Amino acid sequence: MQSRAGWPVWLSIAAGAVMFVHLYLAFVWSPPEQHMGNLVRIMYFHVPSAWNAFFAFFVTFVCAILYLRRRRLVYDLVSAASAEIGVLFTSITLVTGSLWARPIWNTWWTWDPRLTTTLILWFLYAGYFLLRASIDGRERRARVSAVFAIVAFADVPVIHMSVEWWRSIHPLAVDETGFNMPGSMAATLMFGFVAFMCLYGLFLALRVRQQRQAMELHELREAVRAARVRQEGQV
Amino acid sequence: MSGLRVFFRLVRKDLVVEFRGKRLWTSGLAFGVLLLVVMGIALNGASGLPADWSAGVLWLCVFFATAQGMSGRDRHDGEMGAWDGLMLAPVDRSLVFYARWAALSAFVLAAEAALVVAFFVIFNQPPPLRPGWFAGVMAAGAVALTGVSSFVATLSAASAMRDILVPVLLFPLAIPLFLAVIRLTVFSLQPAWSVPWVWVEVLAAYAAAFLLVPWLLFEPLMEV
């Protein structure tokens, strides 16, 4: 019992330490960019959060398929938890992108293909939560949500390919030729991926644990209610 | 009974149900025309709208009219055990979806034709420069839109918020389609140098995806 209660603390400390190192690298160690100056530091949060959002939605997609194949509720829990974190990271991506765009592009928002498809992604998964919240019955909710999660994931490769399919002004930090930046900036960015991945792992573990506890609590409550009904019947 | 015969019987069933209920006509079309009128007022008569805008306005009305018409469609199937009857059909369950898609496409196309007439009258637009393209884009867009909105309507049938969820889920899913049909409609309305094939490809890919997705995913949606 103690070990079950202890792991979130250790995981939180580890993720916090990694994030602290990332903050140091992003704000102190890495140099300012030649043209953008210190604005480049937004990239160390914008790009890793975008990549982690895609990863989170990929986990949602895979767990949705697994749920439909095996019908085990744990896949639904992981799927929903990962989608929540994905929406959080997508929100961070959109906000940090907007903060960067204002001084660089002279606008908070532009209808660039990558920006637009990312915003669509946010709306798709916001719809996913509306759908989940409005369906009664654990299994029915899991089944319908899984189908929608599979369909919604189609937007992720579209975001990735959007800069090639349509004219885009969105800069490419990483492409098939590698990192388009000096080594110190690339190293900070890579560390950012690791740090955000740790954060994702922590959030996912905590959220799934919380959801499982909620499920166990619900089952206990149902068992108590059934026992009370039986008892009253006997009296 | 062969799959094709079942398909045609299901199409007939959906045509009859829709014809009797007149849901797409009464709510969808009326809503679409009303939206056109409101937009015409908001845009101050809108007779001099550029093609980019007018194509957007037209498709926005088609989208809202379709979403409105589709809301709560599957509710009727849940009544009097009709859904259980469909589950007993001795064919692949995705056929139920394809039959519904085919039947509803006929109604959406008819509603869209009426909306297009209303659009040209209310917005005082000149006739399209490429009528063949215009008709083709309107038809392909309507069929693709009906496919995705039927799927979304089935998806949200179990939801307590189904009436609001259909447009909320439909619009993000349909944005690639929306962009493609608007660009192709603009091409059919005004002079242009070259055919925007990239949008033809987007439209075709979108239609192909929604032809494939229900075959893979419709069965779990039909479970009670």
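Each chain gets a letter, A, B and so on, in the order its sequence line appears, and its residues count up from 1. All values below come from the heavy atoms of this structure, side chains included, with hydrogens, waters and symmetry mates left out. Everything numeric in this text was worked out from a predicted model, so none of it was measured.
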Value for CG (D76(A)) from CZ (R141(A)), rounded to nearest 0.5 Å, stands at 7.5 Å
Any side-chain donor paired with an acceptor under 3.5 Å for Y75(A) and R70(A)? yes
By a 4.5 Å heavy-atom criterion (distance strictly below it), what part of L119(A) contacts chain B: side chain, backbone, both, or neither? neither
Output for pair (F148(A) CZ, I135(A) CD1), nearest 0.5 Å, gives 10.5 Å
L165(B) portion near chain A, given a 4.5 angstrom heavy-atom threshold: side chain
For a quick check under 3.5 Å, do Q231(A) and R228(A) share a side-chain donor-acceptor pair by atom type? no
Nearest 0.5 angstrom please: L39(A) CG to I104(A) CD1, how far? 5.0 Å
Checking L68(A) against chain B: side chain, backbone, both or neither under 4.5 Å from a heavy atom? side chain
Interface moiety of F151(B) toward chain A, non-hydrogen atoms closer than 4.5 Å: side chain
Examine whether an atom of V202(B) lies under 4.5 Å from a heavy atom of chain A, and if so say whether it belongs to the side chain, the backbone or both; otherwise answer neither. side chain
Quick one: which of L173(B), L216(B), L179(B), V213(B) has the most heavy-atom pairs under 4.5 Å with chain A, could you say? L173(B)
